[in-house]
Number of protein chains: 2
Amino acid sequence: MSSDNEYNTPRPRRVTAQIVAEAAGVSRSSVSRAFTPGAYLDADKRKKIHEVAAQMGYQPNALAAGLKDGRSHLVAVFVGNMRSAYDTEFVMALVGQLNPLNKWPILIDGGDQSAEKAIQQVLRYPLDALILRGGSMQAEVVTHCSKIGVPMISAGRVVEAQGVDNVCCRNAEGTRIATRVLIEKGRKKFGYIGGPEAFSSSSGRRAGLLDSLAEAGLSLVAETDGDFTVDAGHRAATRLLTTHSLDALICANDATAIGALTAARDLGVSVPETLSVVGFDDIEMAGWPTFDLSTVCNPIDEAVEHVIQLLEKRLKNPLKASETILIKPHFVPRGTH
Amino acid sequence: MSSDNEYNTPRPRRVTAQIVAEAAGVSRSSVSRAFTPGAYLDADKRKKIHEVAAQMGYQPNALAAGLKDGRSHLVAVFVGNMRSAYDTEFVMALVGQLNPLNKWPILIDGGDQSAEKAIQQVLRYPLDALILRGGSMQAEVVTHCSKIGVPMISAGRVVEAQGVDNVCCRNAEGTRIATRVLIEKGRKKFGYIGGPEAFSSSSGRRAGLLDSLAEAGLSLVAETDGDFTVDAGHRAATRLLTTHSLDALICANDATAIGALTAARDLGVSVPETLSVVGFDDIEMAGWPTFDLSTVCNPIDEAVEHVIQLLEKRLKNPLKASETILIKPHFVPRGTH
DNA sequence: ACATCTTGTGCACACGTGGTCACATACGCT
DNA sequence: AGCGTATGTGACCACGTGTGCACAAGATGT
């Protein structure tokens, strides 16, 4: 780590309320009041102050304000893997909803190897909250957060801990529904391409598949694990399709499914005539004409909305009991099943 | 905007150095020193303090520290459009490089309609810097930043203003090279699908195309503008290919090219046999087997590295003259030309 | 003219930290 | 013992803000 004292030229300091006060010929308190909506201040004086402030480029220092009331309006957003399209879309939706609440997201990429260190450092700020989107988080960090009173909201993975709220998709139900649709279409020889074993979403989705197969008296013909990427999906599907005779391929997420789709084409297996391919998440790309992927929708807008609601509730009442909201997925029929 | 005073239950305040001092039986100063690398403190006492602090979950409040030395270690990252794969990849690389410098990114999505308001609010924090990745930024914001002494670094678009450093790709050179390659292959009837007119990158890329065409005594057969998305690329290419006879399609970015590629397939035009399609940026997706897109590499890692270097230089010397670094693109031959 | 109420503003404090300064303690040397 | 020096530590201040409190000034009522 580089030394912090290597700055030779000091930065010209920011304009402060004191400076504005002197320039406008009023007291510093009045400047502060001019920027505080509810405060008593003569209308003319307020206008004058705003003019001077605008000219000098003054805005109240959010850091100092936060120091006073213990609320920084900063929210750390920990993203499991920004390289995944689902996570990216999720973050975009989340950031869009955070802004109107006056909350500003500090982004931490869980895919980066220094993520743990990064999160430790970011926790030195008095965060209003820590939002987790997927990924894995050391238990140590969770307990640390609850110890220092930073609320956590986890999306996509249920974290059982005090003061942690959760929003999660009913993963098993998603694949259960999709599998039923395929069985009704007459599919019998199912393969599964999962994600990393450590991810609860992956195991949940697999469980739903097994449920529906059992229900119909079928069993899983072949399976293998990937890492949620297109590349891994391609490799895994190539392996499965060349070693087994399959008529349906359930994938743990859309990226995997897109890789599998490409692999099928490369092998000359026609989709959906002889093989059904189904993904999970319904990322934007799944709807592109090239792929036209049948998938299970893991609704982002709904999830984000719940996250925001939980955040607001938690901020209003920091001591409230933890909540877990489960979201119902639905099947999106397109051209690959 | 919601009132800020609607929090009924006050959050239990953070553990402070004072509390730790009392618990450890030392003075507050000693606690501070225990967390300051260079400071004099008895080794045993330091160890003791660290133990107590760890147990209580204490970490120095970064806000208060920043208030003191005028450096928040926060960096606003304004992204033109996080829905674009290039921007996403850029941000990921940037965030990864920012963390080791102890800088934390506050993400602002320029694609969101409230982006202008958001940036105004975020500027209330004493940011160490504002990094722009593409997109358009009101001149007002730029002058405001320079007025309050927040350094700006723009990537992908040259902003001519005091205290603004720039990193940008030689866009014209990129398409110039690509066009030459296609001309050497015997292509003569070129079409161009641009981006929004307001984007300098789009016009630069078009200029390079025209250069090389003129050089070879050719002229542009047809062109139209999109909005840098796959969908727009698809629509634009469909229009161009059905109304003109073309053997080469130069696209302003990869997303557009991928859309065009799909459109060509849909129309039964064989690529690369009868039509060459070339993109710009070399996003990850361009390398996927499904697309195997020939394109111009707009190197992200190199750009990010320069941004970081400029940032460090600027922080060391806030008054230094502005710099503009131009990056040399190169052609990436794949299967679509 | 005096009392009461309303409205506006300045003072002073708290927030949590890092650093400077002065002071206390201990140690080595003559 | 006396002195100089090295080392450790406590008291204080600055950073920029919001706000409670007290007070001043002006308006209104009797």
Side-chain angles (χ1 to χ4, degrees), chain A residues 3-5 7 10-49 53 56-73 123-127 148-149, chain B residues 3-5 7 10-22 24-49 53 56-74 123-127 148-149:
Chain A
S3 157
D4 277 0
N5 302 335
Y7 308 108
R11 166 138 68 123
R13 285 199 88 91
R14 219 178 143 86
V15 180
T16 150
Q18 179 66 49
I19 312 285
V20 175
E22 284 161 16
V26 299
S27 78
R28 193 191 57 75
S29 311
S30 297
V31 175
S32 177
R33 271 187 264 270
F35 283 88
T36 307
Y40 274 138
L41 189 63
D42 184 68
D44 290 348
K45 198 176 252 187
R46 166 166 279 161
K47 195 180 159 200
K48 173 76 187 294
I49 293 175
M56 303 179 78
Y58 169 78
Q59 278 188 289
N61 185 330
L63 237 62
L67 178 58
K68 185 68 200 330
D69 67 11
R71 218 173 271 278
S72 66
H73 292 269
L123 281 176
R124 296 182 42 160
Y125 293 87
L127 302 173
I148 63 179
Chain B
S3 156
D4 276 2
N5 303 335
Y7 307 107
R11 166 136 70 121
R13 285 199 87 91
R14 219 178 143 84
V15 179
T16 148
Q18 179 66 50
I19 311 285
V20 175
E22 285 161 15
V26 298
S27 77
R28 194 192 58 76
S29 310
S30 299
V31 176
S32 176
R33 269 187 271 268
F35 284 88
T36 306
Y40 276 137
L41 189 63
D42 183 69
D44 290 347
K45 198 176 251 188
R46 166 166 279 160
K47 194 179 160 201
K48 173 76 187 294
I49 292 175
M56 304 180 77
Y58 170 78
Q59 278 190 288
N61 185 330
L63 237 62
L67 178 59
K68 185 68 197 342
D69 66 10
R71 218 173 271 277
S72 66
H73 292 272
L74 295 174
L123 281 176
R124 295 183 44 162
Y125 292 86
L127 302 173
I148 64 179

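So that the names make sense, note that chain A is the first sequence line, chain B the second, and so on, each numbered from 1. Just so you know, these numbers come straight off a predicted model, no measurement behind them.
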Could you tell me the separation between the [atom1] atom of [X] and the [atom2] atom of [N], rounded to a whole number of Å?
X       : N      : atom1 : atom2 : answer
A:Leu41 : C:dG10 : CG    : C1'   : 12 Å
B:Arg71 : C:dG18 : CZ    : P     : 16 Å
A:Tyr40 : D:dG26 : OH    : P     : 19 Å
A:Asp42 : C:dG10 : CG    : P     : 11 Å
A:Lys48 : C:dT9  : NZ    : C1'   : 16 Å
B:Lys45 : D:dG8  : NZ    : P     : 10 Å

Check your understanding: OP1 or OP2 of C:dG10 sitting under 4.0 Å from any side-chain N/O of A:Ser30?
Key ->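 True: A:Ser30 side-chain N/O within range (under 4.0 Å) of C:dG10 OP1/OP2.
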Exercise for review: Heavy atoms only: give me the nearest B:Gln59-B:Arg14 pair and the separation to one decimal.
Suggested key: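 Closest approach of B:Gln59 to B:Arg14, heavy atoms only: O-NH2, 3.6 Å.
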Check your understanding: Ignoring hydrogens and angles, does a donor from either the side chain of B:Arg33 or the base of D:dG10 sit under 3.5 Å from an acceptor on the other?
Key ->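 Answer yes: a donor N or O sits under 3.5 Å from an acceptor.
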Produce the list of close N/O pairs, under 3.5 Å, pairing protein atoms with atoms of nucleotides 14-17 of chain C; give distances to one decimal.
| from | atom 1 | to | atom 2 | distance (Å) |
| --- | --- | --- | --- | --- |
| C:dG16 | OP1 | B:Arg13 | NE | 3.2 |
| C:dT17 | OP1 | B:Tyr58 | OH | 2.9 |
| C:dT17 | OP1 | B:Asn61 | N | 3.3 |
| C:dT17 | OP2 | B:Thr16 | OG1 | 3.0 |
| C:dT17 | OP2 | B:Ala17 | N | 2.6 |

Review point. Does A:Ser72 reach the main-chain N or O of A:Pro126 with its side chain, forming a donor-acceptor pair under 3.5 Å?
Key: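 Yes.
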**Study point:** Whether A:Arg33 side chain and A:Arg46 backbone form a donor-acceptor pair below 3.5 Å
**Key:**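 No; judged by distance alone, with no hydrogens or angles, the pair does not exist.
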Just verifying a value: how many Å separate [X] [atom1] and [Y] [atom2], rounded to the nearest 0.5 Å?
X        : Y        : atom1 : atom2 : answer
B:Ser27  : B:Lys45  : OG    : NZ    : 6.5 Å
B:Leu63  : B:Leu74  : CG    : CG    : 8.0 Å
B:Leu127 : B:Ile148 : CG    : CD1   : 7.5 Å
A:Ile49  : A:Asp44  : CD1   : CG    : 11.0 Å

**Study point:** Angle of first-five versus last-five pair axes in the helix from C:dA1-D:dT30 to C:dT30-D:dA1, to 10 degrees
**Key:**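 What I find for the helix from C:dA1-D:dT30 to C:dT30-D:dA1 is an axis angle of 50°.
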**Study point:** Pair A:Ser29, A:Ser32: side-chain N/O donor-acceptor within cut-off below 3.5 Å
**Key:**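 Short answer, no.
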Within the sub-3.5 Å range, which N or O atoms of nucleotides 22-28 of chain C have a protein N or O partner, and how far apart are they?
none

Point to revise | For A:Ala65, side chain to side chain contact (heavy atoms under 4.5 Å, CB included) partners two or more places apart | key: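 A:Ala65 satisfies side chain to side chain contact (heavy atoms under 4.5 Å, CB included) with no residue once adjacent residues are dropped.
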Check your understanding: Considering residues at least two apart in sequence or located in another chain, which fulfil the side chain to side chain contact (heavy atoms under 4.5 Å, CB included) criterion with B:Gln18?
Key ->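 B:Gln18: side chain to side chain contact (heavy atoms under 4.5 Å, CB included) contacts with B:Thr16, B:Glu22, B:Arg28.
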Review point. Can you name the residues that form a side chain to side chain donor-acceptor pair (under 3.5 Å) with A:Thr36, not counting sequence neighbours?
Key: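 For A:Thr36, no residue satisfies side chain to side chain donor-acceptor pair (under 3.5 Å) once neighbours in sequence are set aside.
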